[in-house]
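Right, one structure below, let's go through it.
All values derive from a computational prediction rather than experimental measurement. For ligands, and for the atoms within them, numbers begin at 1 and follow the listed sequence.
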Amino acid sequence: MPAKTAQKKAVTTRKSAALLKRAVKLFPGGVNSPVRAFKAVGGKPLFIERAKGSKIFDADGNSYIDYIGSWGPMILGHAHPKVTAALKKALDKGTSYGASTSLEITLAEMVIDAFPSMDMARFVSSGTEATMSAIRLARAYTGRDRIIKFEGCYHGHADSLLVKAGSGAATFGVQDSPGVPSTLAQSTLNAVYNDLESVKSLFESNPDGVACVIVEGAPGNMGVVLPKEGFMHGLRSLSTQYGALLIIDEVMSGFRLCYGGAQKIYKVTPDLTCLGKVIGGGLPVGAFGGRREIMEMLSPSGPVYQAGTLSGNPVAMTAGIETLKLLKAKGAYEKLYKTTDTLYKGIPGIAKKHGVPCQIAVAGSMFTVFFSDRVVHNYNDAKKCDLAAFSKYFTRMLANGIYLPPSQFEAVFVSLAHTKDDVAKTLEAVDRSFKGL
Ligand SMILES: *Cc1c(COP(=O)(O)O)cnc(C)c1O
C-alpha cells in the first residue's frame, strides 16, 4: 500500500487543501507552529490523519516515509506498540492530578542517570519552558542579566532567546522578533557559532555582566552543524573564567545523539541542561536540571519562581519512561546509527552522479543535506546554501513519497522504525530528485 498510494499522492491532496482553507481562517498562517506551513519551500502543507512506524498518512490517505518524526520526539517511530499499550493503561487511571506521582520520580531517575551533570531536575511541558526557566535560574544564581547565545541556535520562543545579532551589531543584540522589548533584547548577546574569539570578546566587554552562555548540544536548528574540536570545552572554560553558567540546550540532541546527549559525546559538563522532545516520547514534556546548589534556588525550596499546571503530567511521563526504556535496550542506538549511516552515506554518490554540490552534516541519528559546495560551520555559512535547490529537492521528494522537513535549516530525523526498504526507497527518491537539480 505505501508505494502505491505514494505514487497517487501528486494527484490527490484535495482533502488537505480543503482543511487548509478552513485552518487559515482560524490560525495565523493556518498553523499552530510556523514551520508546519511549508512557507520556506513554497508548497501547501499536508494535514495528517495518522502515523505508524516510519510512515505518516495524510487526510487523503497518501502515505509517506516520515523523516520529521514530529521534529525529533518520535525516535522509536510512530505509535510504538509498547508505548501505546502503556499509554492506554495510564489513561484509565486519570489524565492529570495536579499532585506528585511516582512516575515523575521514575523518569527523573532515568534522565539523571543518563546525564551525570544533573543532580536535580524539574519537569515542564515544552522545551521553551525549559530554556526560559533555566535562564531565569542562571540570572538569579549569578545576579547578572546578560546572556550569550549563538546566531542560528534555537532555544524556543521566550523573549530573551528570540534575538540574534543583526548585520552590524557588535556588542548588543538587535531585536529579531517585533514584540520583544528592546530593554530585554539588549541583554542578549550574540556570538558566532564555532568562533570562540567572538565569545571571548563579548565576555571581555561585559566582564561582570554575563549570567550564562546557552548553546545547543549539537545545533540542529540551522540544519545540523557540528562543533569544531575544542569549541565546547572552550565555552566551558570561558564561562568558568568569567563566573557565568554554561547551559547546554539538549532539547533536540538529548537522547538523539546517544543515551546521554552531546555532553557525553563531547565530554563537557554544563551547569544546567535543558531537555525536551525525545524525553516526552511524543507527548509534551520538557525538563531542566543541573547542579544541586543552583536547582535548590528554585521555588518552593528557593526564591526563583517557576510552576506548571500540567508539569510532570502522568500520561506524558508514561510516554517518556517507555520511550527511554526502549532506547536503553541493548543495540537500540547501534541500529539507529546503522540506518542513519546507510541513508546518508548513499547520498554523496548520487550527488556526484548528478553534479549537485552538497554537504552532509551528521550528529547521531539526525543529519542535514546542505546545498552548498563548502562545509557549514555557522549560521552565515548555512544561509549561503542554495535555498532554491533545496525547495525543488523537498517538493520532488514529497512527490516521491518522502516527507522531509520543509526547510534547509532543519534536520532529518531517523527512527528505529525506518527499515532497509525505507532507506532504499528514500535513496531512489534522492536519485530521482537530484536529477537536473
Ligand atoms: C525544539 C527546541 C526547543 C523548543 O522546544 P519546544 O518544545 O518546541 O518549545 C528548544 N531548544 C532546542 C534546541 C530545540 O530543538
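- For ligand 1, the atoms sitting less than 4.0 Å from at least one non-hydrogen atom of Glu216 are 13 (C), numbered in the order shown with element in parentheses.
- In summary, the side chains of Arg146 and Ser187 do not present any donor paired with an acceptor at a separation below 3.5 Å, with no hydrogens or angles considered.
- Of all atoms in ligand 1, numbered sequentially from 1 with element shown, those under 4.0 Å from a heavy atom of Lys277 are 1 (C), 2 (C), 3 (C), 14 (C), 15 (O).
- For Phe394 and Tyr403, the ring centers are positioned 6.0 Å apart or more.
- Distance CG/Asp381 to CD/Gln359: 10.0 Å, rounded to 0.5 Å.
- Any N or O atom pair closer than 3.5 Å counts here, and Gly127 shares at least one such pair with ligand 1.
- In the vicinity of His155, heavy-atom distances shorter than 4.0 Å reach the ligand 1 atoms 10 (C), 11 (N).
- There is a protein heavy atom closer than 4.0 angstrom to atom 7 (O) of ligand 1.
- Aromatic ring orientation, Tyr242 versus Phe203: parallel (interplanar angle below 30°, classes split at 30° and 60°).
- Each of the atoms 7 (O), 9 (O) of ligand 1 lies under 4.0 Å from some heavy atom of Ser126.
- Using modelled atom types, one finds no donor on one side chain facing an acceptor on the other under 3.5 Å when comparing Ser415 with Tyr67.
- Between Arg291 and Asp271 there is a salt bridge, with a side-chain nitrogen of the basic residue lying less than 4.0 Å from a carboxylate oxygen of the acidic one.
- Note: an N/O pair closer than 3.5 Å links Asp249 and ligand 1 by distance alone.
- Those atoms of ligand 1 with a heavy atom of Tyr154 less than 4.0 angstrom away are 11 (N), 12 (C), 13 (C).
- Among protein heavy atoms, the minimum distance from atom 3 (C) of ligand 1 is reached at Val251 CG1, 3.7 Å.
- Put simply, the side chain of Asn378 does not reach to within 4.5 Å of the side chain of Val225, judged on heavy atoms.
- Considering both main-chain and side-chain atoms, Thr128 comes within under 3.5 Å of ligand 1 through a nitrogen or oxygen pair.
- On a distance-only criterion, Thr131 and ligand 1 share no N/O pair closer than 3.5 Å.
- More than 12 heavy atoms of other residues, nucleotides or ligands sit less than 6.0 Å from atom NZ of Lys52.
- Per-residue contacts place Met252 under 4.0 angstrom from the following atoms of ligand 1 (heavy atoms of the residue considered): 15 (O).
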